[in-house]
Amino acid sequence: MESEKSSIFYMQVIQELSKYVTDHKKAFVENVLSQRTRFVTLVMEDIYQTQNASAVLRTVECFGLQDIHIVENEGAYTLNKRVLKGADKWLTINQYKTASSNNTKVCFEKLKEEGYTILAAVPSHEAISIQDYKIESKVAVVIGNELHGLSVYAKEHADQHVRIPMYGFTESLNLSVSAAICLNELIPQLRGSKLNWQLPEAEKSALRLDWYRKIVKGSAIIEKQFLKSIK
């Protein structure tokens, strides 16, 4: 019953806010929603440089992922608006930053409870190539920081190690480039599969409301006045 009431509330507020959204923008929102996914997600562990972390968020949004997970055991994430170009507005950002806690463990436990297979991206020839990984269930790709890569815990508790094929002297790529290469292998494969990768309607409605609130100037005032009018 509560779920039904929540759904009706979403629809009423969305309908009211939609009066202030152009048809072109509405179509754009619907197109993005139809291609959004939580079937693949990405985890950043202890990223030090704000421009790198923000570039990864921008990459994730461009590839149609809705969620990103940011683990902060040592490195704290801060926004770099110049790099982000507003990408963070459209994402669900999950941060793990409890002091004196193994935040990687907390993140991994949450992901495994939600049915994710955890892939640790490592520069090891013993890992399988990301090009050879076949998606059969929900996947979380974990990338480490610029200096040391992934923590020992992350590597030991991942379900699978994957690598990006490289043929030069340098052993690693920029973080956003690494994220883009991994996602460019996984997302086309996912979209071409018969897996149920798209968002359910309830999640689309919640995001539609969230995005309309961000698109419409003064949306909080409009919503407040509307809710008063229907009481």
Side-chain angles (χ1 to χ4, degrees), residues 1-44 53-71 77 79 81 83-96 107 110-111 113-116 135 137-141 176 179-180 182-184 186-188 190-193 195-227 230:
M1 190 69 177
E2 286 300 317
S3 177
E4 185 178 338
K5 287 181 180 179
S6 178
S7 179
I8 292 171
F9 168 76
Y10 281 154
M11 294 305 297
Q12 288 178 320
V13 178
I14 288 168
Q15 187 173 10
E16 179 64 20
L17 291 179
S18 71
K19 297 175 183 178
Y20 305 89
V21 182
T22 65
D23 289 341
H24 173 75
K25 185 72 78 173
K26 288 177 195 173
F28 197 4
V29 167
E30 295 309 309
N31 182 53
V32 172
L33 278 173
S34 71
Q35 300 182 74
R36 261 315 196 247
T37 189
R38 286 190 161 111
F39 206 92
V40 174
T41 191
L42 191 133
V43 181
M44 294 191 291
S54 294
V56 172
L57 262 70
R58 185 172 166 185
T59 297
V60 162
E61 204 283 321
C62 285
F63 274 93
L65 276 61
Q66 182 55 39
D67 296 337
I68 187 163
H69 301 264
I70 302 174
V71 174
Y77 170 71
L79 295 175
K81 293 184 178 181
V83 175
L84 276 167
K85 302 289 187 183
D88 56 309
K89 291 196 306 182
W90 317 113
L91 294 170
T92 302
I93 300 173
N94 303 277
Q95 289 180 269
Y96 307 81
C107 175
K110 177 184 177 183
L111 290 169
E113 284 175 5
E114 294 176 356
Y116 284 92
I135 298 180
S137 63
K138 292 162 68 176
V139 173
V141 179
S176 63
C182 289
L183 295 179
N184 196 49
L186 297 174
I187 297 302
L190 180 66
R191 292 168 65 91
S193 74
L195 295 166
N196 187 21
W197 58 269
Q198 292 172 299
L199 297 178
E201 288 304 317
E203 291 183 23
K204 286 183 181 179
S205 290
L207 284 174
R208 188 180 290 111
L209 176 56
D210 181 48
W211 294 351
Y212 275 13
R213 283 169 171 164
K214 290 170 179 174
I215 290 169
V216 177
K217 291 182 179 180
S219 61
I221 296 172
I222 293 169
E223 187 174 333
K224 185 177 180 180
Q225 292 174 339
F226 171 69
L227 293 175
I230 62 174

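Just the heavy atoms: all of them, side chains too, but no hydrogens, waters or symmetry mates, feed the values below.
In terms of the side-chain hydrogen bond (donor to acceptor under 3.5 Å, both in side chains) criterion, residue partners of Ser137 (sequence neighbours excluded) are, by chain and number, Thr117. A search for side-chain hydrogen bond (donor to acceptor under 3.5 Å, both in side chains) contacts involving Asp88 returns nothing, not counting sequence neighbours. In this structure Asp23 satisfies the side chain to side chain contact (heavy atoms under 4.5 Å, CB included) test together with Lys26, sequence neighbours excluded. In this structure, Arg58 has no side-chain hydrogen bond (donor to acceptor under 3.5 Å, both in side chains) partners at least two apart in sequence or on a different chain. The salt bridge (Lys or Arg N to Asp or Glu O under 4.0 Å) search around Glu203 returns Arg38, not counting sequence neighbours. By the side chain to side chain contact (heavy atoms under 4.5 Å, CB included) test, Tyr20 pairs with Glu16, Val216, Ile222, sequence neighbours left out. Scored by the side-chain hydrogen bond (donor to acceptor under 3.5 Å, both in side chains) test, Gln225 finds no partners at all (sequence neighbours excluded). Every residue two or more places apart in sequence or in another chain was checked for a salt bridge (Lys or Arg N to Asp or Glu O under 4.0 Å) with Lys110, and none qualifies. Listed by chain and residue number, Glu201 satisfy the salt bridge (Lys or Arg N to Asp or Glu O under 4.0 Å) test with Lys204 (two or more places apart in sequence, or in another chain). For the side chain to side chain contact (heavy atoms under 4.5 Å, CB included) test, no residue two or more places apart in sequence or in another chain qualifies with Gln15. Residues passing the side chain to side chain contact (heavy atoms under 4.5 Å, CB included) test with Cys182 are Ile130, Val141, Ile164, sequence neighbours excluded.
Residues Leu111 and Val43 meet the side-chain proximity criterion, which asks for heavy atoms closer than 4.5 Å. Within the 4.5 Å cutoff, no side-chain heavy atoms of Phe63 are placed close to those of Leu42. Proximity of Ser34 to Asn31: side-chain heavy atoms (C-beta onward) are separated by under 4.5 Å at one or more points. Looking at heavy atoms from C-beta onward, Ile135 lies out of side-chain contact with Ser193 at the 4.5 angstrom threshold.
The side chain to side chain donor-acceptor pair (under 3.5 Å) pairs that include a residue from residues 212-221 are Asp210-Lys214, Arg213-Glu223, where partners are two or more places apart or lie in different chains.
For the atom pair Ser176 OG and Leu57 CG, the distance stands at 11.0 Å (nearest 0.5 Å). A distance of 5.5 Å separates CG in Leu33 from CZ in Arg208, rounded to the nearest 0.5 Å. One distance of note links CG of Asp67 with CG of Leu91; it measures 8.5 Å at 0.5 Å rounding. Note that NZ of Lys25 and CD1 of Ile215 are 5.5 Å apart. Values are rounded to the nearest 0.5 Å.
Smallest separation of non-hydrogen atoms from Cys107 and Val71: CB-CG2, 3.8 Å. Scanning all heavy atoms of the two residues, the minimum distance from Ala179 to Val56 falls at CB-CG1, 4.2 Å. Summarising the geometry of Asn196 relative to Phe39, their closest heavy-atom pair is O-CD1, 3.8 Å, with the distance given to 0.1 Å.
Each of Val29, Ile14, Leu17 was checked for a side chain to side chain contact (heavy atoms under 4.5 Å, CB included) with Trp211, and the lone residue meeting it is Val29. Each of Arg36, Gln66, Lys85, Lys89 was scored for a side chain to side chain contact (heavy atoms under 4.5 Å, CB included) with Glu61, with one residue passing: Arg36.
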Margin query: Would Val32 and Leu207 count as a side-chain contact (heavy atoms from CB on, under 4.5 Å) here? Give the steps.
Written below: CA-CA 11 Å; Val32 172; Leu207 284 174; over 6 Å; no
Next item on the list: Could you walk me through whether Asn94 and Thr41 pass side-chain contact (heavy atoms from CB on, under 4.5 Å), step by step?
Entry: CA-CA 11 Å; Asn94 303 277; Thr41 191; over 6 Å; no
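Counting heavy atoms of neighbouring residues, nucleotides and ligands inside a 6.0 Å radius, atom NZ of Lys138 exceeds 12 of them.
Thr37 places a side-chain N or O within 3.5 Å of a backbone atom of Trp197 that can act as its donor or acceptor partner.
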